[in-house]
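Quick notes on the structure that follows.
What you see is a predicted model, and the numbers here were worked out from it, not measured in a lab. Along the sequence shown, residues carry numbers from 1.
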Amino acid sequence: MTDESWAGWYRDNKGSDAAVLTTDGQRIRLRIRGADFEGESFDGLRPVAGAPPEDGAFGLRDGALTDCVLEWDRPLPVLVAGAPRHATLTCLLSLRRADPDLHLALHLDGAVYESARAERDFTAALAAVQRILPDDVSLQTSVAWPGAA
């Protein structure tokens, strides 16, 4: 699988900064404020070995990134009445609590289809979006994120 990357935003008590998220389908990599984090799931993003971030620059709990919010958009192909179309999936992940919360919103033709509540993992949030889509609309491809949280 080819690496996929999306631009997004990282927010914490020090402000808001542009971020780049990358996945190879097995691991997630996040680059913010010149620091790299990597993990098998969003709630397990740790500083990349050999490049620890400055002391206090990021909230870390048990070595993993915490006390922050990540937000990004990614293109997502869908089928509408059997015809391929392009949609945008907006993702909002809060790592502010013991359990991360994920909210997804699919933007298609001026309408928005959202996961009804914050979900624990990516698969559950995406399934919630799929359930509320009109009968003739379906996700064309699976969205694979490592760890799905």
Evaluate the criterion side-chain contact (heavy atoms from CB on, under 4.5 Å) for residue pair F37 and I28; output intermediate values, then yes/no.
CA-CA 8 Å; F37 294 83; I28 301 164; over 6 Å; no
Transitive ILVMFWY side-chain link V20 to W9, under 4.5 Å:
no
Between T23 and D3, does a side-chain contact (heavy atoms from CB on, under 4.5 Å) hold up when you go through it step by step?
CA-CA 6 Å; T23 184; D3 287 359; over 6 Å; no
Could you give all pairs that pass the ring pair (Phe, Tyr, Trp, His ring centres under 6.0 Å) test and reach residues 17-36, with sequence neighbours left out?
none
Which atom pair, heavy atoms only, marks the closest approach of W72 to G8?
CB-CA, 4.0 Å
E71 meets the salt bridge (charged side-chain N to carboxylate O under 4.0 Å, His left out) criterion, sequence neighbours left out, with R11
What I want to find out is whether D12 reaches R33 closely enough, with some N-O distance under 4.0 Å, to be called a salt bridge.
yes
For a quick test of your reading: what N or O donor-acceptor pairs under 3.5 Å do the side chains of residues 83-93 make, sequence neighbours left out?
from, atom 1, to, atom 2, distance (Å)
R85, NH2, D109, OD1, 2.7
R85, NH2, D109, OD2, 2.4
T90, OG1, D73, OD1, 2.9
T90, OG1, H107, NE2, 3.1

When rounded to the nearest 0.5 angstrom, what is the spacing between OG in S5 and CZ in R74?
11.0 Å
Residues L106, L139; criterion side-chain contact (heavy atoms from CB on, under 4.5 Å); working and verdict:
CA-CA 10 Å; L106 183 72; L139 303 175; 4.2 Å; yes
Taking side chain to side chain contact (heavy atoms under 4.5 Å, CB included) as the definition, give me every residue that meets it alongside A19, ordered by chain and number, with sequence neighbours left out.
Y10, L30, I32
Look up atom SG in C68 and atom CG in N13, then write down how far apart they are to the nearest 0.5 Å.
10.0 Å
Verdict with supporting geometry, D67 and L60, side-chain contact (heavy atoms from CB on, under 4.5 Å):
CA-CA 8 Å; D67 294 329; L60 298 175; over 6 Å; no
How far apart are the closest heavy atoms of E114 and I132, and which atoms are they?
O-CD1, 3.1 Å
Atom CG of D136 with >12 non-hydrogen neighbours under 6.0 angstrom:
yes
Closer than 3.5 angstrom, by distance alone: can the side chain of R46 be matched with the main-chain N or O of D62 as a donor-acceptor pair?
yes
Taking L21 as the starting point, is it possible to reach V69 by hopping between hydrophobic residues whose side chains are less than 4.5 Å apart?
no
Would the distance check show the side chain of S115 and the main-chain N or O of L104 forming a donor-acceptor pair, the cut-off being under 3.5 Å?
yes
R29: what forms a salt bridge (charged side-chain N to carboxylate O under 4.0 Å, His left out) with it, not counting sequence neighbours?
D36, E38
Minimum heavy-atom distance between L95 and T66, given as atom pair plus value:
O-OG1, 3.1 Å
Please report the closest heavy-atom contact between P47 and G63, naming both atoms and the distance.
CD-O, 3.3 Å
